[in-house]
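See below for the structure under consideration.
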Amino acid sequence: MRTRFLQFVALLLAALSVHAELLDRIAITVGQDVITERQIYEQLRIAAFLNGAKPEFTQEKLRETADRMVMQRLVMQDMRANGYPLPTDEEVEEALKQSRQANWGSKEAFLKAARDAGLPERALKDFLNKMVATAKYIDFRFRPAVRVSDSAVLERYQSKYNPLDPKGGEPPPYEDVKQALEDEIADEQLEGVMDSWLEDARARAGVRYKPEVIP
Amino acid sequence: MYSSARRVLLTAIALIVVSSLALASPSDFYGKPVEEIVLVPRRQPLPVDNMVELIGVPPSTPLSAEIVQGVIERLYRSGRFEQIQVEAAALDSGGVQLRIVTEHRWFIGNVHVEGVEAPPNPGELRNATKLTLGGEFTQRQQDAAVEALETVLDKNGYYGSEVLPVHEYFDQTQQVNITFYVRTGPRAKYDTPVFVSDAELKVNKLVNVSNWERWWGLFGWKGVTESRTQAGISNIRRYYQKQNYLKATVRLQDINYSPEKNVVNPRVEVQPGSKVKVVVEGAKLSGGKRRELIPIFEEQSVDRDLLVEGSHNLEEYFETRGYFNADISFDSETAADGTQEVVYHIDPGSRKRLVNIRIEGNSFFSTKDILERLYVLPASLQFRRGRLSEGYLREDESTIRSLYLTNGFRDIDVDYTIENNFGGKEDQIGLTFHIDEGSQVFVGSLKINGVKPEELADIGKMLTTLESQPFSVVNATADRDNILAYFYNLGYPNASFDFKVLTTDSENLVNVVYEVNRGEQTFVREVLVSGLNVTDPELVYKRIELFQGQPLSQNAMVETQRRLYDLGIFANVAMAVQNPNGEEKSKYVLFQLDESKRYSATTGFGAELGRIGGSSENLRSAGGTANFSPRVQFELTRLNLMGIAHSLSFRTRVSSIQQRVLVNYLAPQFRSNENLNLAVTAVGDQSRDVRTYTSRRFEGSVQLGQKVNLARNILYRVAWRQTGIDESTLQVQPSLIPVLAQPAKVGIISATLIEDKRDDPTDSTRGIYTSLDFGLASKALFSGSDFGRFLGRNSTYHRLSSKLVLARTTTFGLLEPTTSRFRDKTGFNIPLSERFFAGGAASHRGFSENQAGPRDLVTGFPIGGETVFVNGVELRFPLIGQNLGGVLFHDAGNVYSSLSNFSFRVKQKNIEDFNYMVHAVGFGIRYQTPIGPFRVDIAYALNPTDFVGFRGTREELIDLSLPELLARRERQSLGHFQFHFSLGQSF
């Protein structure tokens, strides 16, 4: 009896010894596209690397990264479907150059740091490609629709720099802050339009998170 | 033994430690050759070759993250997998074993909801689930479906129903059939509604108009249904509108359910708003027209936009009535009591006639070609003021523009002017369309890219854009539709088309390039049929036009659907492609069938009006008197007998002149041949449609129908009938009664050829209709008389102009004895019941129903003949507006005692001569209804039949001596005027 038990345990352990290692799996589906678990981790690491920070693999960070990747995927799908211009190699190279100069100074230092972090240059370029594409898409697709009226700027000025507010102090001249206020309102409008588009696009594409990967 | 086992255990532990140390992360596998690929589970939803292609990793390929990513992406795009996980294990050889672990997706198959007494009916419940045939099935969708069903059930008074989804999974096809079993309690009933806010009107009245009470509350309340609730709210809203509360909003706030009593108290929120009074000044306008033209009645709102729209509608309305310069304005005021008064001031101006329409500047198209396409019309009998309005003019401008554009005139410009006081008369106006054609552009060359040479021949036949022909975008668009349909039918569901127009050196010449991108071809993997409960599956499978391995053709799908509907046993034939968005080479095609109810019952009511009356006792009115015969029909059909689409019908028809029972067994698509049908019929009939006698007929027949082509049908028939004539009803001279009253037994074999090439069978304007019927009654068929029978009819329809149709019909029939057997026995060639009778709305309108031809020489009642000839000619034309038309007709012909007595002679020799041709002219009115034109015809017979009639009763006819009989004879006439009411054209 004991012998049989030991043999059973031995076979079980032998079976476990050839247990396969998980390489990758679907984390999110965006219509017919997939985002895999490995891609999310890689994105998180790249984002941290380009910001000169240490990656944090917390649930919140994973979810945040996943959401951003979903948005990028929806943007890319819409750009392809509607023939929006995709970023050129020069634009991506320029973005990479700016990032290199900001954090590492020289190209060599940058490449060494990327190698040390286990991030291939291809992945970094791909990351930046999507970033640039999203920025271009926003400019093409949504920014032209944003209109800020003078009355809206004036109203914002009056509410922000209320002379009756005892803590407010002396308000700056309207003309001095007009452009900043206009940009502020435009950004808010842009955000609103994008949020609405994103919500609609997610519903249309049928975005689904796999709970085993993104709980 | 113990030590050996211990050694194995230690070795295993050592292996684990080593392997786990050696393979700590996925990157350790990257770069190593893939030597084995294992699929988990082994049975995958795609064919092996398809899986190999999608995985796309040849042996010894160095593993990388990108390769793994590619495998996942390609497999996922097939649409067959819910989750794909790629694992790696080291092999002793140093290579890698790739394990692809998949979780399959499920697709929606048959969806049923059971256990609910309608309403809601099963179709409504299934629609509520929003589970689409062939679509992906998820738990979330099912939860939503259950929730939706509960909502629908609540709305229909089934509160607290339990919905239990039960699944039937089919692993091989990844299909899941879902049945929602519903347990409902009794349907809740309405109870006194609560009206929130000031309802202004009496609550009792509102409850009454809601129609939620049974018999005005005498029998409590009705059961709750969604449509009844909606109708109740609409009724209340309409009631407010009738009381001039045009702005009233009536909304169902909620519907309070009391589980103890199983009743609901609807809470109805009413905002009556102020009263709105609409006044029209300056012209008469009925209440109905006001509601139709002024949108504030419909929209329950009063704002400037709606009032302006009403003003435009009124202007358009008055223009169409000849007030082309009508001036409409409005103002709105609120009175002291809060009533809003909207006043439309109408100055219709003088009424005018559009007497002339001219076209200027046209050279490519003739004026006639353009005029016949226009909606505006000059004054005529049909439109006394002509037809003109701003709206019609806009449409006509657009019509002319489109006509030129499709013929290559890219710069076409169309305008119009209206000339008042046309021809110097104040009440006349003229209209001129000014056309600037511009230059015509032709196609220099046409190139089609992306098409194989062998496909080009097929595509070439469907092109409307041709070299050297005028170029138009409309034609190119039509070509796009045709080309895409061609590729869709070849199994290319993602085919796309684009075209470019390239300018050339010549201003009038362009080169056209069509770019076709066919995409991937899709094939049929298998056809899956669901929903068959009693129907023989073989019956369905034989009608499927899609075959495994063949391209997935949209045409074949639609054709299959049509063939299944043609069986007449399915209430719904839904079809879909499973996994429609998945990128897989071959797909399952799904047909979900809903079998019709097995029994159907219909009841109908009708009436005949005409010269069908007259006392059966008093014989003075042999020609018939005006009478009315109500009719009731009932039909019960058992469909899909034995599951093979055969049907058994029982029909009855009861009227004062006919009582009939009919049992019919019909085998459509007989022996699986779509062009054959077999009918076995038994009829019992008692009728007095021929006024001379009442007959009792029992008939059995077998008929094989063959559809030769779209227009031509042949019917082969064998019939046996016995017709007994009620001696007491026979209105002929006494000496003939015993002979004519003898029951006639007829066994007849016949064939009928029908060729129908009319454009519209109910109201034909062009085409030909022909029917030829040949029959032979013979002793061999157990017939009591032997004769041959021929009845042919040919009708032609010609459109003389856009308004005039000339129609003609000729009927010729002949009965010829083939032996003297019957004559030897009775002295007559043909039994009375088999003879031809004619006259009436669908025959010769100079006679009333069945009054043509030979008559009894004592009583004057018709006794039929052996030859019939009727020719009718009609000129059909519009009278007033779109729906009222008229006809002028001429009918000629008669029923003749025999072929040898057939004559075109128009004069009746004496009152015992019936073998002459009766001519009748007349006028008819046709009013278009959705079921065909309603018809009134008044005919004037130019040479009506005079005959010998009998002055007295039937008893007197029997009892009187011969001299007395002769003394009672008198001259009678069918009269010049006949009238007919009917549905449908006369032919």
Side-chain angles (χ1 to χ4, degrees), chain A residues 1-43 45-46 69 73 77 81 83 115 117-120 122-123 126 203-214, chain B residues 1-20 23-30 38 40 63-69 71-79 81-92 96-99 101 103 136 138 140 581-583:
Chain A
M1 187 66 191
R2 189 183 171 88
T3 309
R4 278 195 181 170
F5 173 74
L6 287 171
Q7 280 175 336
F8 171 74
V9 172
L11 285 171
L12 188 70
L13 291 171
L16 285 173
S17 72
V18 291
H19 167 254
E21 188 71 29
L22 173 66
L23 297 183
D24 205 356
R25 58 182 169 171
I26 296 173
I28 308 163
T29 59
V30 185
Q32 288 288 89
D33 282 352
V34 293
I35 297 170
T36 65
E37 186 174 15
R38 182 192 61 81
Q39 285 179 308
I40 296 173
Y41 277 90
E42 187 177 84
Q43 177 103 348
R45 282 162 54 220
I46 293 171
M69 289 180 81
R73 198 60 67 98
Q77 284 177 356
R115 263 197 311 276
L119 295 171
R122 171 206 53 77
D126 189 44
R204 265 187 286 115
V207 176
R208 295 218 295 263
Y209 290 76
K210 298 289 173 193
E212 63 270 27
V213 184
I214 314 280
Chain B
M1 189 70 183
Y2 175 68
S3 61
S4 137
R6 204 170 151 181
R7 269 201 302 278
V8 172
L9 181 61
L10 288 171
T11 313
I13 291 168
L15 269 170
I16 294 168
V17 172
V18 169
S19 62
S20 60
L23 301 173
S25 76
S27 59
D28 293 324
F29 293 99
Y30 295 146
V38 176
V40 182
L63 187 65
S64 69
E66 288 71 31
I67 282 180
V68 173
Q69 177 85 25
V71 169
I72 292 174
E73 281 177 358
R74 284 191 296 277
L75 286 174
Y76 183 76
R77 281 179 186 277
S78 75
F81 304 102
E82 189 58 39
Q83 175 60 286
I84 300 151
Q85 181 167 309
V86 180
E87 299 170 356
L91 294 171
D92 292 344
V96 177
Q97 180 197 63
L98 215 55
R99 287 162 58 90
V101 184
E103 187 187 315
E136 187 191 343
T138 62
R140 193 192 295 180
N581 299 323
E583 294 174 10

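Each chain gets a letter, A, B and so on, in the order the sequences are listed, and its residues count up from 1. All figures in this text were calculated on a predicted structure; none of them were measured in a lab.
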Exercise. Could you have a look at B/Val96, B/Leu98, B/Ile84, B/Val101 and say which one has the most heavy-atom pairs with chain A under 4.5 angstrom?
Key: B/Ile84
Practice problem: Could you tell me which portion of A/Glu42 (side chain, backbone, both or neither) has an atom closer than 4.5 angstrom to a non-hydrogen atom of chain B? | Solution: neither
Quiz item: Between B/Glu82 and A/Lys210, is there a side-chain N and carboxylate O pair less than 4.0 Å apart?
Solution: yes
Quiz item: Quick one: what part of B/Leu63 sits under 4.5 Å from any heavy atom of chain A, side chain, backbone, both or neither?
Solution: side chain
Practice problem: Could you tell me the separation between the CG atom of B/Asp28 and the CG atom of A/Leu23, rounded to the nearest 0.5 Å? | Solution: 10.5 Å
Quiz item: Which atoms of B/Val86 come close to chain A, meaning under 4.5 Å heavy atom to heavy atom: side chain ones, backbone ones, both, or neither?
Solution: both
Self-check item: Rounded distance [0.5 Å steps], CD in B/Glu66 versus CG in A/Asp24
Solution: 10.5 Å
Quiz item: Looking at side-chain heavy atoms only, is the closest gap between A/Ile26 and B/Gln85 below 4.5 Å?
Solution: no
Quiz item: Quick one: what part of A/Gln39 sits under 4.5 Å from any heavy atom of chain B, side chain, backbone, both or neither?
Solution: side chain
Practice problem: Taking atom types as modelled, find out whether B/Gln69 and A/Arg38 have a side-chain donor-acceptor pair closer than 3.5 angstrom. | Solution: yes
Quiz item: Where does B/Tyr30 contact chain A at under 4.5 Å (heavy atoms): side chain, backbone, both or neither?
Solution: side chain
Quiz prompt | Minimal non-hydrogen separation, A/Gln32 against B/Tyr76, with atom names | solution = O-CD2, 3.5 Å
Practice problem: Heavy-atom pairs under 4.5 Å with chain B are the metric here; pick the option from A/Arg208, A/Arg122, A/Glu37 that has the most. | Solution: A/Arg208
